[in-house]
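Have a look at the structure below before the remarks.
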Protein chains: 2
Amino acid sequence: MARKPTVYDVAREADVSIATVSRVLRTPEKVRPETRQTVLKAINLLGYLPSGSARSLAARRTNTIGLFLPNIDQLDQISDFELVTEDAADIVVDPPHAQENNLDSLYFDEVLRGCELESWRQGLSLMVSIGLKGKDGDIPQLINSMSEKVDGLIVLARSVPDNVLAFLRKRLPVVIIANAAISQESEFDLVRVSNRKGMYALVRHLFEKHQVRRMAYIAGTDDSPDNGKRYEGFCEGLRSEGLEPSASPIYRGQFSQSVAYQIATSLARQGTLPQALVCANDQMALGVLRALSDAGISVPDQVIVTGFDGIKEAAVSQPRLTTVRQPMVDLGRAAVSTLVRRLGSPEDPPISTELPVKVQLRESCEGTMI
Amino acid sequence: MARKPTVYDVAREADVSIATVSRVLRTPEKVRPETRQTVLKAINLLGYLPSGSARSLAARRTNTIGLFLPNIDQLDQISDFELVTEDAADIVVDPPHAQENNLDSLYFDEVLRGCELESWRQGLSLMVSIGLKGKDGDIPQLINSMSEKVDGLIVLARSVPDNVLAFLRKRLPVVIIANAAISQESEFDLVRVSNRKGMYALVRHLFEKHQVRRMAYIAGTDDSPDNGKRYEGFCEGLRSEGLEPSASPIYRGQFSQSVAYQIATSLARQGTLPQALVCANDQMALGVLRALSDAGISVPDQVIVTGFDGIKEAAVSQPRLTTVRQPMVDLGRAAVSTLVRRLGSPEDPPISTELPVKVQLRESCEGTMI
DNA sequence: TTGTAAGCGTTATCAC
DNA sequence: GTGATAACGCTTACAA
């Protein structure tokens, strides 16, 4: 690889000034067609590719946005990676339930996809970074190395400590996706989904179509605003039917598949299952399904189970899971869209967007559908 | 947001030269501790964040690498995105098999995860971009806008046309992940998995543990080197048992779940099912499972079904799918690792790495496992 | 329409 | 150890 050609090389080759070369690239209409051709020829000849750094520096914008995703459990016990070739194929038996699938990531993946998509449509590059669980010390550094290279930042809720967020906010536009804590309500651009309404609609459905009277709630982690909103919707649903929310049991599922599995197993053993188990997310609902299946309890005949999120696994489980689907891809797109608008008008008041959800009825609630 | 402070501001604040400010950041040990403190104080006071563009320009490296992913079907019919708030929750019935799940992306997601992980470990930023199906015209542009901002590129096989690849190769290091065509063998850094050995090991297992004699192959697309290698392994396995490969039927599944579904349905109807259906990827195997289930045929009692890839769905299907798992995350890590090495020594001969696969035995082959 | 030249905010090479 | 100062490769007034 020879030294990369620069505007100077192209200018010399085409026998014009570097300004003209730049114009051909940026504002071709301001260059005489004839000259333009000469320059383009030179560019092709030399295989010239402008330097992004130089361009960004001069233009005072990078045309790049950053996406910061929360940590992923999996990555905690990662080891150094050795680059070794080992052409081989081991055979191993993979027993059922060998390990809890890492389902968390699916959520982010779709948001990421939406960001990619919309960034592309807007002509922006996308930089991605993940946080490392339990390594909060690294996050400021991580996010710094990203911040210096982008025009704005999209952050998945609670992937970045509040103080870091506050610092960033001063230096560049930040859009937060989902469940922002109340304190951030008025300071940041926000993109969220209708958690409360979604859960409310689901509960109403259980009343109206299935005459459910006794339902239990399997909750996520306490510090999650998402969890809070969903529970609000749950309570509101109960009240709308004249039921007292405090009379419905809550179990602490921690958003975890295995914890939910244990909860459901206990309930089954004790014979204290309600008519419906309403879970704060799909992963727990899947854990519940597995537990009930293992306990020989039929869903939905004996118990109805519902989830929240709409992850892909929920569409292929046995039985398939009734859930409230978040428009994950659209979350990503909306975030980019918001950021672009913000970059265009830095001084406007914060933009807050709430995206609609969709209650998806499937067999874990409806029984056989075909 | 006030104007961002620069080295000059910091220098003035700390009453030193800009060179010293730079040194505090880059080579702190070369600065007297006392001075260092003063400068750091000024940096914090002003909330100074160095400019990535300026830094990259001066240092002649961006410390960023790019990842280019193949197009995603889904994105073809994407519409413009309107940023509208619509706080709502519709209820819809989601019938089984309503749409073919977009499973392709799962593969990339894991590779991406590996790239993120290893980039982070290496102190590099990661830029991500996707190709758009049927829009090859856009790819050069896409990849250009990325190339100018990164030190090197990782490309998932066949996401970029060969000629573009050849062009890029001249300007910056390129690492190709998976199934490179033969013509690229000697020119690019390559990271792959043991496709051939994996399929061979799987077939041997079917002979040894299950006494399968008649098996059929459901192939992927013809232009996929992955598909080719896997089929090679299949044939080799047959021969090792004294069987003639040409006597085993091949069906063209196009790597598609729905096509495989149709194939299996036909076979079931005609009563021409072999003892084992060996599929070139998991998606087709899942389609086959569904078809056999719909046809009332029991797996593995009446037919054994196997896949290839190890996508997550394969671990939760009914029955769970025996497959050859590719180390997707490691593919990403290896690619980054390779790229880093290449950046360190541009003139070394191409690096080719083959990662081991793992045959995962599950119920679609073994029957009840517990 | 085209050229000149002044930045853009760093890093790095010198001297001191 | 520290400070001038010249790159780095581009964009963009301002002149011509």
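Every value quoted in this text rests on a predicted model; they were computed, and no experiment measured them. Computed over heavy atoms, backbone and side chain alike; hydrogens, waters and symmetry mates excluded. Order of the sequence lines fixes the chain letters, A, B, ..., with proteins taken first and strands second; residue numbering starts at 1 for each chain.
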Handout entry: Exceeds 12 heavy-atom contacts within 6.0 angstrom, atom CG of Asp15(B)
Key = no
Exercise for the section: Please list, by residue number, the residues of residues 16-26 of chain A whose heavy atoms come closer than 4.0 Å to an atom of DNA chain C; answer none if no residue qualifies. Expected result: Val16(A), Ser17(A), Ala19(A), Thr20(A), Arg23(A)
Handout entry: Separation of dG3(C) C1' from Lys30(A) NZ (nearest whole Å)
Key = 15 Å
Contacts under 3.5 angstrom, residues 47-57 of chain B side chains, donor-acceptor by atom type, not counting sequence neighbours:
from     : atom 1 : to       : atom 2 : distance (Å)
Ser51(B) : OG     : Ser53(B) : N      : 3.4
Ser51(B) : OG     : Ala54(B) : N      : 3.0
Ser56(B) : OG     : Gly52(B) : O      : 2.8

Exercise for the section: State, to the nearest 10°, the angle formed by the axis through the first five base pairs of the helix from dT1(C)-dA16(D) to dC16(C)-dG1(D) and the axis through its last five. Expected result: 30°
Problem - Whole-Å gap separating C1' (dG3(C)) and CG (Asp15(A)) - result: 12 Å
Exercise for the section: Return the residues of residues 6-13 of chain A meeting this criterion: a heavy atom under 4.0 Å from some atom of DNA chain D. Order them by number, or give none. Expected result: Thr6(A), Val7(A), Tyr8(A)
Fill in the blank from the handout: Across all chains, not counting sequence neighbours, the salt bridge (charged side-chain N to carboxylate O under 4.0 Å, His left out) partners of Arg12(A) are Asp9(A)
Practice task
Sequence neighbours left out, what passes side-chain contact (heavy atoms from CB on, under 4.5 Å) with Asn163(A)? Give chain and number order.
Solution key: Pro161(A)
Handout entry: From CG (Leu67(A)) to CG (Leu156(A)), nearest 0.5 Å
Key = 6.5 Å
Name every donor-acceptor pair, under 3.5 Å, that has one atom in a side chain of residues 21-34 of chain A and the other anywhere in the protein, sequence neighbours excluded.
from     : atom 1 : to       : atom 2 : distance (Å)
Arg32(A) : NH1    : Glu34(A) : OE1    : 3.4

Problem - Sidechain N-carboxylate O distance under 4.0 Å for Glu110(B), Arg113(B) - result: no
Practice task
Taking side-chain contact (heavy atoms from CB on, under 4.5 Å) as the test, write out the residues that go with Thr38(B), two or more places apart.
Solution key: Ala14(B)
Practice task
Only counting residues at least two apart or in another chain, list the ones meeting side-chain contact (heavy atoms from CB on, under 4.5 Å) with Arg61(B).
Solution key: Ala59(B), Asn63(B), Asp151(B)
Exercise for the section: Using salt bridge (charged side-chain N to carboxylate O under 4.0 Å, His left out) as the criterion, list what pairs up with Arg36(B), not counting sequence neighbours. Expected result: none
Problem - chain A footprint on DNA chain D, 5' to 3' - any atom under 4.0 Å from a heavy atom - result: dG9(D) to dA13(D)
Exercise for the section: Please list, by residue number, the residues of residues 42-66 of chain B whose heavy atoms come closer than 4.0 Å to an atom of DNA chain D; answer none if no residue qualifies. Expected result: Leu57(B), Ala58(B), Arg60(B)
